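Beneath this line is the structure, given in C-alpha cells, with notes to follow.
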Amino acid sequence: MKAVLTRVSSASVTVDGELVGAIDCPETGGVLALVGVAREDTDGDEAWQTMARKIAELRILDGERSVVDAGAPVLLISQFTLMGRTAKGRRPAWSDAANGHDAQPVMAKLAAALRERGIHVEEGRFGAMMQVASVNEGPFTLLVET
C-alpha cells in the first residue's frame, strides 16, 4: 500500500459535477491522502492498519502536529495509479495494483480505522473518474509505504 499525503488547508473531490467530499480546515490544516492498494494488500492483513496509524499519527501538520493532535480532517481518495511501475519503457505497468474487487474493501477498512480514531474522514467515490482539488500548505507532501 502506498499513499501520498499532502498537508492542505482545503481539498475537495467532485464526480460528474457533484461534490462528494470536502474538507475546509484553514486553522488546523488537514490531509489529502491519495492511496494505492497493492495486489498483496487484503482486508485481512495489516497494511490498512499500518496506513491508518501513519495517516493519523505522522507529525506532518504545522507545529509538528499529527492529524490526531490537531483534530484535523482527512480527505481519502483511492488512486490505483500510485502502484504503477515506470522502470521500463514509456508505458506504466499496473500489475502491482489490486483489482477493484479486492481494493474496495481495503479502502473501506482504512476509512473505518481512521474514523475509529475520532478523525473526520471525507472520501471520494471508489472507481469513479474524480476531479480532486486542493490548496496545499507548505507545500508539504510525503510518500508513505507500508
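None of these values were measured; they are calculated from a predicted model.
- Cluster membership for Met1 and Val4, using ILVMFWY side-chain heavy atoms within less than 4.5 angstrom, is not shared.
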Residues Asp69, Leu61; criterion side-chain contact (heavy atoms from CB on, under 4.5 Å); working and verdict
CA-CA 9 Å; Asp69 295 337; Leu61 297 177; over 6 Å; no
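- At a threshold of 4.5 Å between non-hydrogen side-chain atoms, the residues Leu143 and Glu145 count as touching.
- For the pair Thr28/Pro73, a side-chain contact is recorded, criterion being any heavy-atom separation below 4.5 Å from C-beta on.
- Between Leu110 and Val35, some side-chain heavy-atom pair lies under the 4.5 Å cut-off.
- When every heavy atom of Val106 is checked against every heavy atom of Thr42, the shortest pair comes out as CG2-C, 3.5 Å.
- Closest approach of Leu5 to Ala33, counting heavy atoms only: CD2-CB, 3.6 Å.
- Expressed to the nearest 0.5 Å, how far CG of Asp24 lies from OG of Ser9 amounts to 7.5 Å.
- When every heavy atom of Val15 is checked against every heavy atom of Ala128, the shortest pair comes out as CG1-CB, 3.8 Å.
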Evaluate the criterion side-chain contact (heavy atoms from CB on, under 4.5 Å) for residue pair Phe80 and Asn99; output intermediate values, then yes/no.
CA-CA 9 Å; Phe80 82 94; Asn99 67 46; over 6 Å; no
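- When atom types are taken as modelled, the side chain of Asn136 and the backbone of Pro139 share no donor-acceptor pair closer than 3.5 angstrom.
- Salt bridge Asp102/Arg39: absent, no basic N to carboxylate O contact under 4.0 Å.
- Residue Asp96 qualifies as enclosed at atom CG: its count of foreign heavy atoms under 6.0 Å is above 12.
- Distance alone, capped at 3.5 Å, places no donor-acceptor pair between the Arg117 side chain and the Leu114 backbone.
- Of the possible polar contacts, one joining the Arg7 side chain to the Ile60 backbone as a donor-acceptor pair under 3.5 Å is found.
- Transitive grouping of hydrophobic side chains (ILVMFWY, heavy atoms separated by less than 4.5 Å) brings Leu142 and Val31 into a common cluster.
- Of all the heavy atoms in Leu76 and Met107, the pair that sits closest is CG-CE, 3.9 Å.
- Counting heavy atoms from C-beta outward, Val8 and Val135 have side chains that stay 4.5 Å or more apart.
- Nearest heavy atom pair, residue Ala72 against residue Gly30, reads CB-CA, 4.1 Å.
- A distance-only check finds no donor-acceptor pair linking the side chain of Asp16 to the backbone of Glu18 [under 3.5 Å].
- Side-chain contact between Asp62 and Glu137 is absent, with no heavy atoms from C-beta onward closer than 4.5 Å.
- Put simply, Phe126 and Val13 are part of two different groups of oily side chains (I, L, V, M, F, W, Y) that touch within less than 4.5 Å, one to the next.
- There is no path of hydrophobic side-chain contacts, each under 4.5 Å, that joins Val144 to Ile77.
- Taking a cutoff of 4.0 Å between a charged side-chain nitrogen and a carboxylate oxygen, Glu123 and Arg115 qualify as a salt bridge.
- Side chains of Glu57 and Ser66: a donor-acceptor N/O pair is absent below 3.5 angstrom, by distance only.
- Side-chain contact between Arg85 and Pro92 is absent, with no heavy atoms from C-beta onward closer than 4.5 Å.
- Going from atom CZ of Arg125 over to atom OG of Ser78 covers 13.5 Å, rounded to the nearest 0.5 Å.
- The NZ atom of Lys109 sits 13.0 Å away from the CG atom of Asp41 when rounded to the nearest 0.5 Å.
- In this structure, the side chains of Val37 and Trp48 stay at 4.5 Å or more apart for every pair of heavy atoms.
- Hydrophobic clustering of Ile, Leu, Val, Met, Phe, Trp and Tyr side chains at less than 4.5 Å, counting indirect connections, unites Leu82 with Leu75.
- Atom CD of Gln49 sits in a crowded spot, with more than 12 heavy atoms from other residues, nucleotides or ligands closer than 6.0 Å.
- Residues Val68 and Ile119 have side chains in contact (heavy-atom distance under 4.5 Å, counting atoms from C-beta outward).
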